[in-house]
Amino acid sequence: MTKNKDFFQLVCEVTQQIPPGRVTSYGAIARFLGSPQSSRMVGWALNATKSGMPYIPAHRVVNRNGMLTGKKHFGTSSAMAQLLQNEGVKIEENQIQNFKNIFWDPSLELI
DNA sequence: TAGCTGACGCCCT
DNA sequence: CAGGGCGCCAGCT
């Protein structure tokens, strides 16, 4: 078949599977897709999702540190944190608290 | 056309 | 312990 789903498409699907109150990291998604070093591509894909895509909970995707590095791309500085806090995720200084506790790994639960 | 940047991650010094 | 550099793919200027 022609070609597998684009990296962009896969990122979209995985991101949409993230349950509320849970978060994942760019590296986790990249690794799940088979390109652990292409974590940047995940960011690039999410960047495209914000434009013309159905609701993609990109705010549930953070870096390995649990820090809301991409909040600047949301348009508003606290939009990402607000959305996460709205779901029950505790944020402090743009950093997710209990990050490892609410961490959602696609390769473990999305299987 | 060619080059640079980019929502990161991990290794090395 | 801390800082810097490299790698990856695709899109944009």
Side-chain angles (χ1 to χ4, degrees):
Chain A
M1 326 249 280
T2 52
K3 69 198 248 184
N4 298 327
K5 292 182 177 180
D6 292 288
F7 203 97
F8 160 74
Q9 186 65 51
L10 290 167
V11 174
C12 290
E13 303 237 348
V14 175
T15 305
Q16 288 178 93
Q17 303 317 302
I18 302 173
R22 290 279 150 90
V23 292
T24 189
S25 63
Y26 304 99
I29 296 172
R31 179 190 285 182
F32 176 68
L33 299 180
S35 296
Q37 298 178 227
S38 297
S39 47
R40 302 174 116 160
M41 300 259 58
V42 180
W44 159 78
L46 292 174
N47 186 10
T49 58
K50 73 177 175 59
S51 179
M53 266 275 142
Y55 179 60
I56 306 294
H59 59 267
R60 292 181 190 151
V61 185
V62 294
N63 67 358
R64 240 286 261 163
N65 296 307
M67 195 172 208
L68 284 60
T69 51
K71 69 174 200 149
K72 45 199 299 179
H73 284 274
F74 270 71
T76 30
S77 313
S78 39
M80 192 172 188
Q82 286 292 298
L83 289 165
L84 287 167
Q85 288 181 79
N86 185 36
E87 295 184 350
V89 179
K90 289 171 180 159
I91 310 292
E92 177 126 348
E93 294 294 299
N94 302 325
Q95 191 173 328
I96 296 177
Q97 303 301 301
N98 307 324
F99 173 61
K100 120 179 152 153
N101 189 43
I102 63 174
F103 183 71
W104 181 83
D105 191 331
S107 63
L108 293 177
E109 308 196 46
L110 181 63
I111 198 109

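Chain naming here is simple, since letters A, B, ... match the order of the sequence lines and numbering starts at 1 in each. All heavy atoms count here, side chains included; hydrogens, waters and symmetry mates do not.
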Distances under 3.5 Å only, N/O to N/O: pair up the protein atoms with those of nucleotides 2-4 of chain C.
none

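- Residues A:Y26 and A:M67 do not share a hydrophobic cluster, defined by chaining ILVMFWY side chains whose heavy atoms lie under 4.5 Å apart.
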Problem set entry | Letter per nucleotide, 5' to 3', of nucleotides 6-13 of chain C [B base touched, S only sugar-phosphate touched, - untouched; heavy atoms, 4.0 Å] | -BBBSS--
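- Legend: residues meeting side chain to side chain donor-acceptor pair (under 3.5 Å) with A:S107, ordered by chain and number and at least two apart, are A:D105.
- Here the CG-CG distance, from A:L33 to A:D6, works out to 11.5 Å after rounding to the nearest 0.5 Å.
- Here CD1 of A:I29 is found 11.0 Å from CD of A:Q17. Values are rounded to the nearest 0.5 Å.
- Using a 4.0 Å heavy-atom criterion, one finds that A:A58 contacts the bases of the nucleic acid, with or without backbone contacts as well.
- Using a 4.5 Å heavy-atom cutoff, the side chains of A:T49 and A:V11 are not in contact.
- Smallest separation of non-hydrogen atoms from A:R22 and A:W104: CB-CB, 3.8 Å.
- Contacts between residues 92-101 of chain A and DNA chain B, defined by a heavy-atom separation below 4.0 Å, involve no residue at all.
- Listed here is the closest heavy atom pair of A:F7 and A:S38: CZ-O, 4.2 Å.
- Taking the side chain to side chain donor-acceptor pair (under 3.5 Å) definition, one finds that A:N98 meets it with nothing, sequence neighbours left out.
- For residues 62-79 of chain A, the pairs satisfying side chain to side chain donor-acceptor pair (under 3.5 Å) are A:K71-A:N94, with sequence neighbours left out.
- For residues 79-89 of chain A, the side chain to side chain donor-acceptor pair (under 3.5 Å) pairs, not counting sequence neighbours, are A:H59-A:E87, A:R60-A:E87.
- When hydrophobic side chains of Ile, Leu, Val, Met, Phe, Trp and Tyr are connected at separations under 4.5 Å, A:L83 ends up clustered with A:V23, A:V62, A:L68, A:F74, A:M80, A:L84, A:V89, A:I91, A:I96, A:F99, A:I102, A:F103.
- The CE atom of A:M41 sits 12.5 Å away from the CG atom of A:L10 when rounded to the nearest 0.5 Å.
- Contacts of residues 61-73 of chain A with DNA chain B (heavy atom under 4.0 Å): A:N63, A:R64, A:T69, A:G70, A:H73.
- In this structure, the side chain of A:E13 does not engage the main chain of A:Q9 through any donor-acceptor pair within 3.5 Å.
- With a heavy-atom cut-off of 4.0 Å to chain A, the contacted part of DNA chain B has its first and last nucleotide at B:dG6 to B:dC10.
- The stretch residues 74-91 of chain A does not touch DNA chain C, since none of its heavy atoms comes less than 4.0 Å from the strand.
- Listed by chain and residue number, nothing satisfies the side chain to side chain donor-acceptor pair (under 3.5 Å) test with A:Q97 (two or more places apart in sequence, or in another chain).
- Between A:L46 and A:A58, the shortest heavy-atom distance links the atoms CD2-CB, 4.1 Å.
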